[in-house]
Amino acid sequence: VQLQASGGGLVQAGESLTLSCVASRTIFSRNAMAWFRQAPGKQRELVAAITSGYDTYYTDVVKGRFTISRDNAKNTVYLQMNSLKPEDTAVYYCAAGPTPLASTAVNYDYWGQGTLVTVSS
């Protein structure tokens with residue numbers, strides 16, 4: 001397994017959750033890292049991404065609530081999610097891909113297995 005995501009769970013609206021994704025050293029050092037999510041019946045969408053140079057991108061609906069970060073010593077990317085809303089409910093996937101950052105899933109070569117985040121109202 002080249003990408004291993006964890007940290008999902010069931011929380012109430014307004015609460016916080018942190019997702020983690022451990023990657024192999026080779027993949028982590030050579031790629032931008034990203035979090036996508038896919039809700040039932042919807043397309044997979046980019047939530048946040050970070051380059052090896054720590055440039056970041058956030059989709060508008062999570063700006064100010066989510067923070068992406070990476071720990072190069074641990075080959076790990078994190079997604080800190082605050083003020084969660086029911087509409088954040090989805091399976092969250094970590095992915096490794098190109099720089100400059102790409103917004104579509106097809107551009108990412110490596111994927112984790114997904115972790116379910118459920119936010120109750």
Side-chain angles (χ1 to χ4, degrees):
V1 178
Q2 294 177 309
L3 296 176
Q4 183 74 38
S6 62
L10 172 63
V11 297
Q12 293 188 332
E15 294 185 340
S16 299
L17 206 58
T18 300
L19 305 181
S20 301
C21 176
V22 180
S24 69
R25 179 178 296 275
T26 300
I27 291 174
F28 193 83
S29 64
R30 296 179 179 179
N31 289 276
M33 300 299 295
W35 287 97
F36 283 77
R37 68 185 180 186
Q38 189 165 18
K42 295 188 176 181
Q43 288 189 332
R44 193 169 297 189
E45 64 172 349
L46 178 63
V47 176
I50 186 169
T51 69
S52 57
Y54 299 96
D55 292 325
T56 58
Y57 164 86
Y58 297 93
T59 192
D60 285 346
V61 295
V62 307
K63 284 180 180 178
R65 299 190 297 124
F66 291 11
T67 302
I68 190 170
S69 61
R70 61 189 292 160
D71 185 333
N72 291 339
K74 297 181 178 180
N75 300 323
T76 301
V77 61
Y78 303 97
L79 186 67
Q80 172 69 42
M81 304 184 293
N82 297 327
S83 302
L84 282 161
K85 304 176 180 180
E87 50 264 43
D88 295 317
T89 295
V91 177
Y92 284 70
Y93 298 89
C94 63
T99 301
L101 297 174
S103 61
T104 53
V106 69
N107 294 112
Y108 288 77
D109 296 323
Y110 305 96
W111 291 86
Q113 82 284 11
T115 185
L116 177 62
V117 173
T118 304
V119 184
S120 63
S121 58

Residue list, side chain to side chain donor-acceptor pair (under 3.5 Å) with Ser29, at least two apart or on another chain
none
As an exercise, state the distance from OG of Ser20 to NZ of Lys74, rounded to the nearest 0.5 Å.
9.0 Å
Could you measure the distance from the CZ atom of Arg65 to the OG atom of Ser83? Nearest 0.5 Å is fine.
7.0 Å
Might you work through the side-chain contact (heavy atoms from CB on, under 4.5 Å) test for Tyr58 and Leu46, ending with a clear yes or no?
CA-CA 8 Å; Tyr58 297 93; Leu46 178 63; over 6 Å; no
Looking at side-chain heavy atoms only, is the closest gap between Phe28 and Ser52 below 4.5 Å?
no
Determine the minimum heavy-atom distance between Gly7 and Thr115, stating which atoms define it.
N-OG1, 4.0 Å
Side chains of Ser24 and Gln2 only: does a donor on one sit below 3.5 Å from an acceptor on the other?
no
Quick check: closest heavy atoms across Ala105 and Arg44, and the distance to 0.1 Å?
CB-CD, 4.5 Å
Shortest non-hydrogen pair, Ala13 vs Pro86, comes out as CB-CD, 4.1 Å
Do any pairs count as a ring-ring contact (aromatic ring centres under 6.0 Å, His included) and have a residue in residues 78-107, sequence neighbours left out, and if so which ones?
none
List for me each residue that meets ring-ring contact (aromatic ring centres under 6.0 Å, His included) alongside Tyr108, sequence neighbours excluded, and say none if there are none.
Phe36
Does the pair Asp60/Lys63 count as a salt bridge with the N-to-O cut at 4.0 Å?
yes
With the side chain counted from C-beta on, respond yes when Leu79 and Phe66 share a heavy-atom pair under 4.5 Å apart, and no when they do not.
yes
Heavy-atom side-chain proximity of Thr51 to Leu101 below 4.5 angstrom:
yes
Ser16 versus Asn82, side-chain donor and acceptor atoms under 3.5 Å:
yes
Minimum heavy-atom distance Ala34-Ile68, with the two atoms named:
CA-CD1, 4.4 Å
Quick one: does Arg37's side chain get under 4.5 Å of Val62's, heavy atoms only?
yes
Main chain of Val119, side chain of Thr89: is a donor-acceptor contact present, judged purely on distance under 3.5 Å?
yes
Side chain of Gln38, backbone of Glu45: donor and acceptor closer than 3.5 Å?
no
Got Ile50 and Asp55 here, is their nearest side-chain heavy-atom distance under 4.5 Å?
no
Would a distance-only check, ignoring hydrogens and angles, find a side-chain to backbone donor-acceptor pair under 3.5 Å from Asp88 to Leu84?
no
dist Thr99:OG1 -> Asn31:CG (nearest 0.5 Å) comes out at 7.5 Å
With a 4.5 Å limit on heavy-atom distance, are the side chains of Met81 and Val117 in contact?
yes
Using the rule that Ile, Leu, Val, Met, Phe, Trp and Tyr join whenever any side-chain heavy atoms are under 4.5 Å apart, tell me whether Tyr110 and Tyr57 fall into a single cluster.
no
Establish whether Met33 and Val106 are linked, either directly or via other cluster members, by ILVMFWY side-chain heavy-atom contacts under 4.5 Å.
no
Search all heavy atoms of Ile27 against all heavy atoms of Ala96 and return the closest pair with its distance.
CG2-CB, 3.5 Å
CG-CD distance between Asn75 and Gln4, expressed to the nearest 0.5 angstrom:
14.0 Å
In this structure, would Val91 and Val61 fall into the same cluster of hydrophobic residues linked by side-chain contacts under 4.5 Å?
no
